[in-house]
Each structure stands twice: as C-alpha cells, then as structure tokens.
Amino acid sequence: LWQECPKRWEYKYLMGLRPRAPDEGGPLLSGSIFHEALERGLMLGEGSGRRTLALLTARELWTERGEAMLRKFGPGTEAALRALPDWVWEVENPVAEERLEIELFPPMTLVGKPDLWFVKDDTLTVVDFKSTSDTGKELTRRLARYELWSQQVKIYALMLYVSYPWAQDLPMQTQFVLASTRGTVEVGTPRYLTDAERQATRQRVIDQLGVMVEGKPLHHFGTLCEWCEFRPIDQGLLTGANVSAIIEEHYERRTHGIN
C-alpha cells in the first residue's frame, strides 16, 4: 500500500482510520472475498474444478457473515468470478497470493503478495485482479486508468525479479483483469516490462521508502484518488474544509495503527 500511495498508508496504518459503514459488506469486503476465493480456486483446485471451488469458497465466506450478507453480496461476487476468462482458470502451475519480501532500503523490508503469476512460453506474467461494480464504459475507463497510473503490478514484477534469480533471464509482462459484480469483465493487454521501467520502479520504491524512514509521508494527488476510501479527507484538504470534522463523521479509529 505504501508504494501505491504513502498518504493512504498513513491514514490506514499510522492513524488507524477506516470508513464508517452501515454494515460490513460493501466494496472493500467484497473485494477481499473475491480475491480469497480466487486464490483458493487457483491454488487448491484442479482443472475445471478451479472455478467451481472459487465459487463455493465465496459462498462459504459470505455465509460466515450471515444469510443476509450472502443474499445481498454473494451474487455479485459469484458474478465477478464467473466473468473471469477461461485462461485464468487454465493457467499451468499458477502462483497466487505468494508472500514476497525483499530489502531494497535497509533496514526497510518491502512486502507484497501478487494476485497471480505464472510462466508460459518462457515469459513470466504478473496479473493484478480488481473487482468492481462498474460495467460498460465505466469499466473500460477504469481499466485504462489502472494501466496508465497504477504502479502496484510493476512493483510485484520487480519483487519477483529480485526474489528469483532465474526470473532475471526471462521477459516479464504485467496485466490487469477487472471483473464486475454485474457479470462483465475487462481484460487488459499484457505489457512487457523493459529494463528501464524496472529500474525506474526500483528507484521510485527506494525514494518512497526513504521518505517513510524520515517519517514524512507525502501527499500525491492523482487519477486513482477518486477510488480511494480516504478521498473525502483529501478533498477537504484541497478545499480548506474542517478535516477533523470529516474524519469524525465518516471514519472510525482502530485501537492500533501499525501491527
């Protein structure tokens, strides 16, 4: 999260803020269940049974939160999983949600969990999945913005490059897949990561970790901010509003920040 947005990291982990919600459903929990179901399906399922296992997992996870939650949010999560293209479920030797740790800026350790990576035709592909309620043109726009602005999947590729010496001899490509809870999907074009892009990503991470060590998280407003759960706070900062009142009204504080 720090690599994607230092300020969002500060709000979530240093300040311990989380949005107030009338129930524990909504986009954030739906996204978590979508990803956990996808991981289980890919890592524990076999062949055509992967999608089935993912769907059963999603239903199980929503059921644990009550029948009302299952009825309200379960169909959307299942629709997003069903919308994923067949090749996702047919990947040979998939690696989903693998925890990676690398040290780029001692003593700071960079930790990440790529949604999916695999090797095919001597090319290492890193796939980042997003679930959303958008559909149609809005889904297409969202994909375009992720491909233009998001650094997360490039950082995952960098972490794989550093973690596995054999990967340094392979071409690497990154790809986004956006699945809608309304049953549609947008699949991004695989993009090869050049040596120059990898070096630029590495330097960006090192610079950000350096700022983090100094204890000075930066504000960096960009296109992805419109989807951030802390957008009301930043809008308040930009417009001169009472930010403390916004936090009090729209957020609650956890009993701890970093853990």
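Fair warning: this is a prediction, and the values are worked out from it, not measured in the lab. Computed over heavy atoms, backbone and side chain alike; hydrogens, waters and symmetry mates excluded.
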For [X] against [Y], the heavy-atom pair lying closest together:
{"X": "Asp122", "Y": "Pro171", "result": "O-CD, 3.2 Å"}
{"X": "Thr77", "Y": "Ala58", "result": "CG2-CB, 3.9 Å"}
{"X": "Gly112", "Y": "Tyr156", "result": "CA-CE2, 4.0 Å"}
{"X": "Ala80", "Y": "Ala179", "result": "O-CB, 3.5 Å"}
{"X": "Pro94", "Y": "Arg50", "result": "CD-NH2, 3.4 Å"}
{"X": "Ser133", "Y": "Thr181", "result": "CA-OG1, 3.4 Å"}

Under 3.5 Å: donor-acceptor pair, side chain of Gln168, backbone of Tyr161: yes
What's the separation between atom [atom1] in [X] and atom [atom2] in [Y], rounded to the nearest 0.5 Å?
{"X": "Met159", "Y": "Trp117", "atom1": "CE", "atom2": "CH2", "result": "13.0 Å"}
{"X": "Glu252", "Y": "Leu17", "atom1": "CD", "atom2": "CG", "result": "9.5 Å"}
{"X": "Leu139", "Y": "Thr132", "atom1": "CG", "atom2": "OG1", "result": "6.5 Å"}
{"X": "Thr125", "Y": "Gln175", "atom1": "OG1", "atom2": "CD", "result": "7.0 Å"}
{"X": "His35", "Y": "Phe129", "atom1": "NE2", "atom2": "CZ", "result": "8.0 Å"}
{"X": "Arg51", "Y": "Leu84", "atom1": "CZ", "atom2": "CG", "result": "7.0 Å"}

Residue pair [X] / [Y], side-chain heavy-atom distance below 4.5 Å:
{"X": "Glu39", "Y": "Lys113", "result": "no"}
{"X": "Val162", "Y": "Arg202", "result": "yes"}
{"X": "Met172", "Y": "Val126", "result": "no"}
{"X": "Leu42", "Y": "Phe118", "result": "no"}
{"X": "Leu44", "Y": "Thr57", "result": "no"}
{"X": "Trp87", "Y": "Val187", "result": "yes"}
{"X": "Leu70", "Y": "Glu67", "result": "yes"}

In terms of ring plane angle, is the pair Phe230 and Tyr11 parallel, tilted or perpendicular, where the classes change at 30° and 60°? tilted
Quick one: do Glu138 and Arg142 satisfy salt bridge (charged side-chain N to carboxylate O under 4.0 Å, His left out)? Show the steps, please. CA-CA 6 Å; Glu138 285 303 314; Arg142 183 178 286 258; over 6 Å; no
Stepwise, does the salt bridge (charged side-chain N to carboxylate O under 4.0 Å, His left out) test hold for Lys130 with Asp115? CA-CA 9 Å; Lys130 306 291 184 185; Asp115 290 343; 5.8 Å; no
Determine, using the 4.5 Å side-chain heavy-atom cutoff (strictly less than), whether [X] and [Y] are members of one ILVMFWY cluster.
{"X": "Leu100", "Y": "Leu116", "value": "no"}
{"X": "Leu160", "Y": "Val127", "value": "no"}
{"X": "Leu29", "Y": "Leu55", "value": "no"}
{"X": "Phe34", "Y": "Leu61", "value": "no"}
{"X": "Leu56", "Y": "Trp62", "value": "no"}

Is the number of heavy atoms from other residues, nucleotides or ligands within 6.0 Å of CD (Glu92) greater than 12? no
Might you confirm whether atom CZ of Arg59 has over 12 heavy atoms from other residues, nucleotides or ligands at distances under 6.0 Å? no
Walk me through whether Ile233 and Tyr251 qualify under side-chain contact (heavy atoms from CB on, under 4.5 Å). CA-CA 10 Å; Ile233 300 177; Tyr251 300 89; 3.7 Å; yes
Assess whether side-chain contact (heavy atoms from CB on, under 4.5 Å) is satisfied between Ile247 and Met15, documenting all intermediate values. CA-CA 11 Å; Ile247 292 175; Met15 297 177 65; 4.1 Å; yes
Among pairs that include at least one residue of residues 167-202, which meet ring pair (Phe, Tyr, Trp, His ring centres under 6.0 Å), considering only residues two or more places apart or in two chains? Tyr146-Phe176
